[in-house]
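Let me begin by presenting the structure, written as structure tokens, before commenting on it.
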Amino acid sequence: MAVQVTDATFEQEIELSPVPVVVEFYATWCGNCRRIEPVLGDLEAEFAPNVRFMKVNADENPQLVSKFAVTSTPTLFAIVGGAQVATTVGAQPGPILRAVFEAAAARTAPAASTGCGCESSCGPATSEPTVGWVDAEACTLPAADQPMRLAEFDALFASSLRGVRREESGWLRLHLGGGADVEDGARDLASREAECCSFFDFTVSRDGDDVIIDVRVPSDKEVVLDGLAAQAEAARA
């Protein structure tokens with residue numbers, strides 16, 4: 001059973017917690033909060049006692065809402081030693097919610113990924129660039145958001161991917177199904193990924209139920225498409 005946290009008890013329950021914490025900002029009227037409640041309950045049971053799950057009523061605790069700059073419910077944070085290591089907003093699918101708990105359980109989530117979602121396609125992030133791969137400085141996504149971005153790609157590929165084809169050396173085509181809903185999600189994800197890894201050129205189109213994501217990169221970044229294709233196939237499998 002999740003512990004209810006208030007403005008008055010936050011420091012004791014969360015900042016001084018001896019174990020990692022996942023905290024959900026919710027509202028009693030929030031339909032999306034109710035939608036993910038069963039999944040969060042399962043994750044709470046699975047990760048206990050290594051991760052504690054807590055909840056904050058956003059309507060009743062304005063100080064915490066301001067402290068965490070919460071603008072929408074549900075919003076989840078993974079907090080380790082008083083520091084945020086992961087966050088996600090909205091009624092996300094199970095793999096993304098799981099990633100929040102996994103980031104908390106890992107205790108070292110910020111160091112586990114030193115790039116944005118493109119790390120999965122650009123290869124392991126290192127302090128020194130290797131030929132054909134992008135070093136950490138090429139990614140601008142905040143460390144707290146990195147596990148979620150990777151989980152978002154995995155969730156999209158696992159649920160919707162139908163095929164992967166290399167059209168040209170610098171052009172990868174991802175074929176997905178799911179219609180308008182998948183198209184909207186793919187456009188949003190592609191837009192955010194292009195912001196943190198500016199060498200990506202994404203084009204998303206739809207014909208009925210079929211959604212096509214064309215990914216183009218410059219000639220010196222072509223190897224990232226190998227990694228992206230491999231991640232897509234692995235997620236589908």
Exercise for review: Indicate the atoms forming the closest heavy-atom contact of Trp171 with Arg166, along with that distance.
Suggested key: O-CD, 3.4 Å
Review point. For Thr28, does its backbone N or O pair with a side-chain atom of Arg34 as donor and acceptor, under 3.5 Å?
Key: yes
Review point. In Å and rounded to the nearest 0.5 Å, what is the CZ to CD1 distance from Arg165 to Ile212?
Key: 8.0 Å
Revision key, fill the gap. In terms of heavy-atom contacts, Val204 and Arg187 come closest through O-NH2, 2.7 Å
Check your understanding: Between Arg35 and Pro38, which heavy-atom pair has the shortest distance, and what is it?
Key -> O-CD, 3.6 Å
Exercise for review: Among Val22, Thr9, Val23, find the one that has a side-chain contact (heavy atoms from CB on, under 4.5 Å) with Ile14.
Suggested key: Val23
Check your understanding: Does Asp201 use its side chain to pair, donor to acceptor, with the backbone of Val217 at less than 3.5 Å?
Key -> no
Practice item. Please test Glu193 against Phe153 for side-chain contact (heavy atoms from CB on, under 4.5 Å), starting from the C-alpha separation and ending with a verdict. Key: CA-CA 10 Å; Glu193 186 68 2; Phe153 271 107; 3.7 Å; yes
Check your understanding: Any donor and acceptor pair, going by atom type alone, linking the side chain of Ser159 with main-chain N or O of Ala155 inside 3.5 Å?
Key -> yes
Practice item. Indicate the atoms forming the closest heavy-atom contact of Asp7 with Leu64, along with that distance. Key: OD1-N, 3.0 Å
Practice item. Can you measure from CG (Leu76) to CZ (Phe53) and round to the nearest 0.5 angstrom? Key: 6.0 Å
Check your understanding: Linking I/L/V/M/F/W/Y whenever their side-chain heavy atoms sit closer than 4.5 Å, directly or via other members, would Val21 and Val51 fall into one cluster?
Key -> no
Review point. If you take all heavy atoms of Asn57 and Asp59, which pair is closest and at what distance?
Key: OD1-N, 3.0 Å
Practice item. Step by step, work out the side-chain contact (heavy atoms from CB on, under 4.5 Å) result for Leu228 and Phe157. Key: CA-CA 11 Å; Leu228 181 57; Phe157 295 147; 4.1 Å; yes
Check your understanding: Atom CG in Asp188, atom CG in Leu156: separation rounded to 0.5 Å?
Key -> 10.5 Å
Practice item. Using a 4.5 Å cut-off on heavy atoms from C-beta on, say whether the side chain of Phe10 contacts that of Lys67. Key: yes
Review point. Do Leu174 and Phe202 come close enough that some side-chain heavy atom pair is under 4.5 Å?
Key: no
Review point. Got a second to check how far Arg216's CZ is from Glu222's CD, nearest 0.5 Å?
Key: 12.5 Å
Practice item. Nearest 0.5 Å please: distance from the CG atom of Leu40 over to the CG atom of Leu97. Key: 5.5 Å
Check your understanding: Are Phe101 and Ile36 connected in the hydrophobic side-chain network, where two residues link if heavy atoms are under 4.5 Å apart?
Key -> yes
**Study point:** Spacing of CD1 belonging to Ile213 relative to OG1 belonging to Thr203, to within rounding of 0.5 Å
**Key:** 10.5 Å
Practice item. Search all heavy atoms of Glu24 against all heavy atoms of Pro74 and return the closest pair with its distance. Key: OE2-CB, 3.6 Å
Check your understanding: Is it the case that one hydrophobic cluster holds both Val182 and Val215, taking links as side-chain heavy atoms less than 4.5 Å apart, direct or via other members?
Key -> yes
Exercise for review: Could you walk me through whether Glu44 and Lys55 pass salt bridge (Lys or Arg N to Asp or Glu O under 4.0 Å), step by step?
Suggested key: CA-CA 12 Å; Glu44 177 186 13; Lys55 304 183 71 168; over 6 Å; no
Review point. Going by heavy atoms in the side chains, are Phe200 and Val224 under 4.5 Å from each other?
Key: yes
**Study point:** Connected via hydrophobic side-chain network under 4.5 Å: Val3 and Val65
**Key:** yes
Check your understanding: Would you find more than 12 non-hydrogen atoms of other residues, nucleotides or ligands less than 6.0 Å from Glu11 atom CD?
Key -> no
Review point. Going by the angle between their ring planes, with limits at 30° and 60°, are Phe68 and Phe77 parallel, tilted or perpendicular?
Key: tilted
**Study point:** Trace of the side-chain contact (heavy atoms from CB on, under 4.5 Å) decision for Arg162 with Asp209
**Key:** CA-CA 11 Å; Arg162 290 179 174 175; Asp209 188 58; 2.5 Å; yes
Practice item. Begin from the C-alpha positions of Asn32 and Thr73 and carry the test side-chain contact (heavy atoms from CB on, under 4.5 Å) through to its verdict. Key: CA-CA 8 Å; Asn32 282 338; Thr73 56; over 6 Å; no
Practice item. Please check if Leu176 and Val164 belong to a single hydrophobic cluster, counting links between Ile, Leu, Val, Met, Phe, Trp and Tyr side chain heavy atoms closer than 4.5 Å. Key: yes
